[in-house]
Amino acid sequence: MTESNDQPLVPRPAATVMLIRPEPEGSKTGLAVFLMRRHARMHFAAGTMVFPGGGVDDRDRNADLGSGAWAGPPPQWWAERFGIEPDLAEALVCAAARETFEESGVLFAGPAGRSSSAPDGIVGDASVYRDSRHALAEGTLSFADFLRREKLVLRSDLLRPWANWVTPEAERTRRYDTYFFVGALPAGQRADGENTESDRAGWTTPQAAIDDFAAGESFLLPPTWTQLDSLAGRTVEDVLSVERQIVTVQPRLEIQGDNWIFEFFDSDRYHQARKAGGMGWRH
């Protein structure tokens, strides 16, 4: 992050998915969330703990999943909840499912031609699509083509809209307009974090992740910290049943001493935890 008088970069649409499951497995009293630590060599957010996700690309924008490869709430439903156009909503849901599969191996899809409410209407073992997962990550296969080839449909009903954060205008490296989704780990599937962008991945409770940040044992950017805070104390059932009011959040970046400081609606609590852990951004 550097100071500049240039015009702000145009934020790129992105999708992030908070994978959740009961904690401990089978429990109805709490939940765990899947987090990954980005490689130190990454140009953006290196070393930070993140949810699976990434930017929308042309494969997502041109997916055309409405013709037999989509099951669940249609793009218009998502557009109304995120306050965006249906075309972008379709691309975001596609990116959410694709990035989750690429980065964690979890696939929000089911066999085509079956009722979305059927117990067997969700892929139970996504590891059988390992080769396709690698091709998707390499950009040699589109998610839409993958679904059609395997006779699968994207199960948008397995996801829920959760939040929308935009990178501050002062960021001169890259900016994202990130839409957060939440989805429960499908029965029989496992999240592995086997990807080229992270060096550590696993399940933890939201509160444990927040506590690690405050102890200086990991690093969380404000959007991730805020979403973890919103999940803490909830059950999977609670999260999947809540109707979220999506309000766009765009933090401001200010300089205090030698550090950049994010200012947003809950920044006092965030910075208290950041300082306790000895974390900061030099400018």
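- For the 3.5 Å distance criterion, the side chains of Asp238 and Thr235 qualify, holding a donor opposite an acceptor.
- Donor-acceptor pairing under 3.5 Å is recorded for the side chains of Asp211 and Gln207.
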Residues Arg98, Asp57; criterion salt bridge (charged side-chain N to carboxylate O under 4.0 Å, His left out); working and verdict: CA-CA 11 Å; Arg98 174 182 58 77; Asp57 62 23; 3.6 Å; yes

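- Arg175 places a side-chain N or O within 3.5 Å of a backbone atom of Pro168 that can act as its donor or acceptor partner.
- Using a 4.5 Å cut-off on side-chain heavy atoms (C-beta onward), Ser218 and Met49 make contact.
- With rounding to the nearest 0.5 Å, the separation of CG in Leu185 from CD1 in Ile20 is 10.0 Å.
- For the residue pair Arg149/Ser132, the side-chain donor-acceptor check at 3.5 Å is satisfied.
- Atom-to-atom distance recorded for Trp203:CH2 and Leu19:CG is 5.0 Å, nearest 0.5 angstrom.
- Side chain to side chain, Thr248 and Gln250 fail the donor-acceptor criterion of an N or O pair below 3.5 Å.
- In this structure a side-chain-to-backbone donor-acceptor pair under 3.5 Å is missing from Thr16 to Gly53.
- Here CZ of Arg133 is found 6.5 Å from CZ of Phe101. Values are rounded to the nearest 0.5 Å.
- Checking side-chain atoms of Tyr270 against main-chain N and O of Phe262 turns up no donor-acceptor pair under 3.5 Å.
- Checking side-chain atoms of Gln189 against main-chain N and O of Leu107 turns up a donor-acceptor pair under 3.5 Å.
- Residues Trp165 and Asp177 are not in side-chain contact: their nearest non-hydrogen atoms beyond the backbone lie 4.5 Å or more apart.
- With Glu171 contributing its side chain and Thr167 its backbone, the two residues share no donor-acceptor pair below 3.5 Å.
- Screening residues 73-88 for salt bridge (Lys or Arg N to Asp or Glu O under 4.0 Å), with sequence neighbours left out, gives no hits.
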